[in-house]
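In this chain, numbering begins with 1 at the start of the sequence shown. Being a predicted model, the structure only gives us computed values, none of them experimental.
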Amino acid sequence: MAAPKKGRSASAQSKPGRSLALILIAIVAMTGGMFASGNKTPRLGIDLAGGTSITLKAKADQGSAINKANMDTAVDIMNRRVNGLGVSEAEVQTQGTDHIIVNIPKGTNSKQAQQQVGTTAKLYFRPVLASEPTGSAASPSPSASPSGSGSPSPSSSASAKEKASSSSSGSPTPTATATSQGRAVTDALKADATPSSSGSPSATSSPSPSASSSGGTAEATKLQAQYAALDCSKPAQRAKAGTNAKPGEPTVACGENKNVWYKYLLGPAAVDGTEVKKAQAVIDTQGAAGWQVQMNFTSSGAKKFADITGELAKNQPPQNEFGIVLDGEVVSSPFVQQAISGGQAEISGSFTQQEAQSLANMLSYGALPLSFKEETVTTVTAALGGEQLHAGLLAGAIGLALVVIYLVAYYRGLSLVAMASLLVSAMLTYVIMSLLGPAIGFALNLPAVCGAIVAIGITADSFIVYFERIRDEIREGRSLRPAVERAWPRARRTILVSDFVSFLAAAVLFIVTVGKVQGFAFTLGLTTVLDVVVVFFFTKPLMTLLARRRFFADGHKWSGLDPKSLGAKPPLRRTRRPAGPAAGSVDPKEA
């Protein structure tokens, strides 16, 4: 059994260059990927890059319990609101059981962000005056019908407790030409500009000469110009569409359908979202319509909904549709076949289960399922974040310098191996952090920097364990080459156990904590894994190569492996002692 072991050891010892080449190729490949993706630096967190952090506490004063389902729904709604501000890399996450933390990077108006999150959503049912696709999907023909467009399910329809007819074929069904439709829109806008005693004027009201004042005409002309210029395929224009629109006034809005953005010209709000008592996604068991959304209105909402659907049912497409507008975005625009009374309605069509449930949640929780109290609002400027990053990097540089000084003073020539290994570990950490930013949204915050600093000690500890094992073998009287190989199994076990404990602590910390502490845990776990990779594929092969160099193999006094300075014993027995009368006096240890 001894011979195969020696053979494997000799084979591994003779080809350390393969391991070094492998890790160097990995570094070059990941570095190339980093430059190719354009992410040359790690993504910075809010505490380093600057921005606004808002902490909200849930209150169960709307008849809903504070539970995981309601908190997750609130996070989804807030996430959509923050994204609606045109903000990238925003974070909305729960903390504990009743807190939500919203982190918005720099470049966002903090007051606007505070108004968007934590407040009751604006959900309205507005009559559709006009709609059409925008961007590359826009129809070049002015006579094309926008019927049924502009919602997650363009074939949806509204009916009263009966199966709705579906328009999933998508064929145009207008009876009005572009000119007559435009005239109808103009007339509707003029009528909407006139104050109505009911507070919810219909999109099809006929204009009266006395009502169409010059001011109303000017407002209608301005709104039509906004609608004509609106391109919902552009995020900047979507964010501004319908800004500060009042419920009692017509407005423009955007909505997405099958990855195509549509623009809408909407009349005044006819029904408020707070008047939807309940909405749920169900399967239509009486027909082939698939999934549908059932709505129950309050008593006042039922009357308003019956009035608006009665008016819309008389119109031609797309003016027989009503837009469900949530936070200024049209989430659905079903058309109406007949007046819907009784306080119950169904929105059916070619819904998938996910689309139906999403629409039901929007209708049910357009107003957040829980109310929230703003506890803290922390604004971090980029200058302050830069100072924190500078302080963190300075602390890391001081810690690294102290480690290097100790290694040079105590291990001398071996310190070159340790510093080269630290450099490789730092390169891997930097490149991986840069790639993880766009891949999984990892952001380097101040706790993460602290985790990287702590990792310097963990990495240096692995080198020290290996070096001390080599020195122990030299003290036993062995030369450097066999000492390097014999010390490795002992050092390997110790390094693996130590790194496993560190990784386990980081994993537990990452699981049981939230927020910025997770950055510390993630960085600590990542660098611990990289420590194992560097020791196995760089430090050990490098020591194997250096053991063949006379400077280290002969135990130069500056190599850190001088047998005399280490107090080495005389060399181990190399030949068998001759048998004789004095054989019994041989030292047991020598025997």
Does a donor on one side chain sit under 3.5 Å from an acceptor on the other, for T539 and S421? yes
Residue pair L444 / P42: nearest heavy atoms and the distance that separates them: CD2-CB, 4.3 Å
What one should report as the nearest heavy-atom pair of H556 and S559 is O-OG, 2.5 Å
Residues forming a side-chain hydrogen bond (donor to acceptor under 3.5 Å, both in side chains) with D554, sequence neighbours excluded: R550
Less than 4.5 Å apart, any side-chain heavy atom of I27 and any of V431? no
Once salt bridge (Lys or Arg N to Asp or Glu O under 4.0 Å) is applied, do any residues pair with R490, and if so which ones, sequence neighbours excluded? E473
Atom of Y430, atom of K40 and distance for their closest heavy-atom approach: OH-O, 2.9 Å
In short, V535 meets P541 closest at the heavy-atom pair O-CD, 4.4 Å
Parallel, tilted or perpendicular: which fits the ring planes of W488 and Y466, with parallel below 30° and perpendicular above 60°? perpendicular
Counting only heavy atoms not in F503 (residues, nucleotides, ligands), do more than 12 fall under 6.0 Å from its CZ? no
Smallest separation among heavy atoms of T523 and G451, with atom names: CG2-C, 4.0 Å
Got a sec, which residues hit salt bridge (Lys or Arg N to Asp or Glu O under 4.0 Å) with K68, two or more places apart in sequence or on another chain? D72
